[in-house]
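Note sheet for the following structure.
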2 protein chains.
Amino acid sequence: MAQQRNTPEERIRERNVRLIIKAGIEIFARKGFDGTRIAEIADASGLPKANVYYYFSSKEEIYTAIIAHLLAGWDDALKYISADREPAEAFRLYIRAKLDYTRKNLAETRLFASEIIQGARFLKKKDRQHMRDITDRHVAVVEGWIAAGKMLPVDPRHLFIMLWAATQFYAEFEPLAADGLKKARLRTEDYDAAATTIAETILRGILPSR
Amino acid sequence: MAQQRNTPEERIRERNVRLIIKAGIEIFARKGFDGTRIAEIADASGLPKANVYYYFSSKEEIYTAIIAHLLAGWDDALKYISADREPAEAFRLYIRAKLDYTRKNLAETRLFASEIIQGARFLKKKDRQHMRDITDRHVAVVEGWIAAGKMLPVDPRHLFIMLWAATQFYAEFEPLAADGLKKARLRTEDYDAAATTIAETILRGILPSR
DNA sequence: ACAAAAGCTGACCAAAGTGTCAACTTACTG
DNA sequence: CAGTAAGTTGACACTTTGGTCAGCTTTTGT
């Protein structure tokens, strides 16, 4: 019986919770918190509504579980801004990683945007503080680069907002972005072109001209 | 009785429709289409629900009326990219005007964002085409500037998306932007600083170095 | 002054929503 | 393999929602 240790009941629970969260991400992203009906999540996850309530006791509980799940995967894409890199490389990597993340996690990205637009009602204080801390650390690195003459004196906070905005836009506002590019849908190569244009433009804008 | 000519019935209708639309903008922006309850719009506009239905026959009709109203005010802020200007001036004006518009029309801006994130379900084909046409015209101007050596060869479509993203972000994601700037709320001077950072960074990124 | 048009609204429905529950089946454990 | 814990679910209770309507009041043109 040795490695039966894989908690079989946990497996069922795990699988169903995953199904519910996956369906929830899609639907919350498209409809927002108030617009989402639990029955719709149940249908999309292939479970009866009552079964959804067996795992989650309310709509809010599903939603906050999703937000937590989403923030967990966030940090990874943002680790490139560190003082031991050269600015050009750091920003290039950051921009690519961020665009890559949003492209591969469309629904999560939109859900997060939706939550913010709707007033960040369910984003925990702790989570906001965590994001602020990361920003502060990045800002400090950029200030170091500026002091070292490796970067022009650009306001680091507005710079990061600009990067955040530019890299999120394609996923969040895909219909608009596609229209702007005269395409029916965005493809990987569009994200690549975006990364190139953003990186090259911004880098020329923040690096000392040689 | 002379100048009673100001169509008195029109006045009542006008006023109430305006109240409903104003309340609708706020609530649709915060809750999205599916999340908005007509009773809430009625309360916010100080009218009984049945009175709202006297002017609009459905939720969708209110919503699309708002979208139309919003797009009408859109074009104005985007008129600065024209071939008879120098790129630097044109982009500076464009960025300022766009930020200004979003700051002064927070709810509209968020409502539009909400509509796009939710899949642009109620944005009419005609309206999307109109926006595409404007973009095409701007792209042509930029291509002219590039051909004339007044700008570096930057992909104009991605450039406009970058500008769009950067200038919308502060209004749409105010809580995030405020956190990023370490402020409780955004003020006019933050929008000014944003305009400066965006304009100066982007301009260095797209103008030939002299 | 007065009829017609416009505006107003409480009360009402059918449909859809959230959340509950008791009874059933399946899975695991000793 | 019996007993218990976990999982499943149709049916139900209660609330909210979009939308209607008949009859009321106000405004307006003449």
Side-chain angles (χ1 to χ4, degrees), chain A residues 1-24 26-28 30-66 114 118 121-122, chain B residues 1-67 114-115 118 121-122:
Chain A
M1 277 103 218
Q3 108 277 50
Q4 185 66 342
R5 218 67 309 279
N6 281 24
T7 60
E9 346 82 40
E10 203 67 42
R11 283 280 193 56
I12 294 176
R13 172 168 226 101
E14 218 172 280
R15 179 180 126 265
N16 285 343
V17 166
R18 185 170 40 77
L19 284 174
I20 293 167
I21 289 200
K22 190 179 166 191
E26 301 286 341
I27 295 167
F28 278 124
R30 228 170 37 236
K31 305 276 188 89
F33 179 79
D34 296 288
T36 293
R37 307 291 112 123
I38 302 238
E40 216 179 333
I41 293 181
D43 285 354
S45 57
L47 266 41
K49 186 162 59 90
N51 204 354
V52 171
Y53 275 101
Y54 175 71
Y55 290 106
F56 296 93
S57 66
S58 70
K59 180 155 86 162
E60 181 166 340
E61 201 176 300
I62 303 178
Y63 190 75
T64 54
I66 290 177
S114 198
Q118 291 180 15
R121 284 183 294 169
F122 298 96
Chain B
M1 278 97 217
Q3 108 279 52
Q4 187 68 339
R5 215 68 310 276
N6 282 22
T7 57
E9 348 81 42
E10 203 68 42
R11 282 279 195 57
I12 294 176
R13 174 169 222 97
E14 218 172 279
R15 179 179 127 268
N16 285 343
V17 166
R18 187 171 41 77
L19 285 174
I20 293 166
I21 288 199
K22 189 179 166 192
I25 289 174
E26 300 285 343
I27 296 166
F28 278 124
R30 228 168 41 234
K31 307 275 189 90
F33 179 78
D34 296 288
T36 293
R37 310 290 114 130
I38 301 237
E40 216 179 332
I41 292 180
D43 286 354
S45 57
L47 267 40
K49 185 160 64 88
N51 203 355
V52 171
Y53 275 99
Y54 176 70
Y55 292 107
F56 295 93
S57 66
S58 70
K59 180 155 85 160
E60 181 167 341
E61 199 176 300
I62 303 179
Y63 191 75
T64 54
I66 290 177
I67 298 263
S114 199
E115 162 68 8
Q118 291 181 16
R121 284 184 293 168
F122 298 97

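Quick caveat, the model's predicted, so the values are computed rather than measured.
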Exercise. Residues in side-chain contact (heavy atoms from CB on, under 4.5 Å) with B:K49, at least two apart?
Worked result: B:I38, B:A39, B:A42, B:Y53
Seminar exercise, completed: Tested for side-chain contact (heavy atoms from CB on, under 4.5 Å) against A:I20, the lone hit among A:I62, A:I66, A:N51 is A:I62
Side chain of [X] (C-beta onward), nearest among [options]:
X	options	value
A:K59	D:dT27, C:dG19, D:dG18	C:dG19
B:A50	C:dT9, D:dT9, D:dG7	C:dT9
B:Y55	C:dG7, C:dT9, D:dG19	C:dG7

Seminar exercise, completed: Of B:G46 and A:Y53, the one whose nearest nucleotide on DNA chain C sits closer to the 5' end is B:G46
Whole angstrom is fine here: how far is it from [atom1] in [X] over to [atom2] in [N]?
X	N	atom1	atom2	answer
B:E60	D:dG18	CD	P	13 Å
B:R15	D:dT27	CZ	P	11 Å
A:I41	C:dA16	CD1	P	18 Å
A:F56	C:dT20	CZ	P	15 Å
A:I20	C:dG19	CD1	P	14 Å
B:D34	C:dT18	CG	P	12 Å
A:E61	C:dT18	CD	P	15 Å
A:Y54	C:dT25	OH	C1'	12 Å

Please determine whether a side-chain nitrogen or oxygen atom of [X] lies at a distance below 4.0 Å from atom OP1 or OP2 of [N].
X	N	value
B:N16	C:dA6	no
A:R37	C:dA16	no
B:N51	C:dG10	no
B:R13	C:dA6	no

Exercise. Any idea how B:F28 and B:Y63 line up, ring-wise: parallel (<30°), tilted (30 to 60°), or perpendicular (>60°)?
Worked result: perpendicular
Exercise. Any donor-acceptor pair under 3.5 Å linking the side chain of A:K59 with the backbone of A:F33?
Worked result: yes
Exercise. Which part of the nucleic acid, if any, lies within reach of A:K49 when heavy atoms closer than 4.0 Å are counted: base, sugar-phosphate only, or nothing?
Worked result: base
Exercise. How long is the span from the CG atom in B:N16 to the OH atom in B:Y54, to the nearest 0.5 Å?
Worked result: 10.0 Å
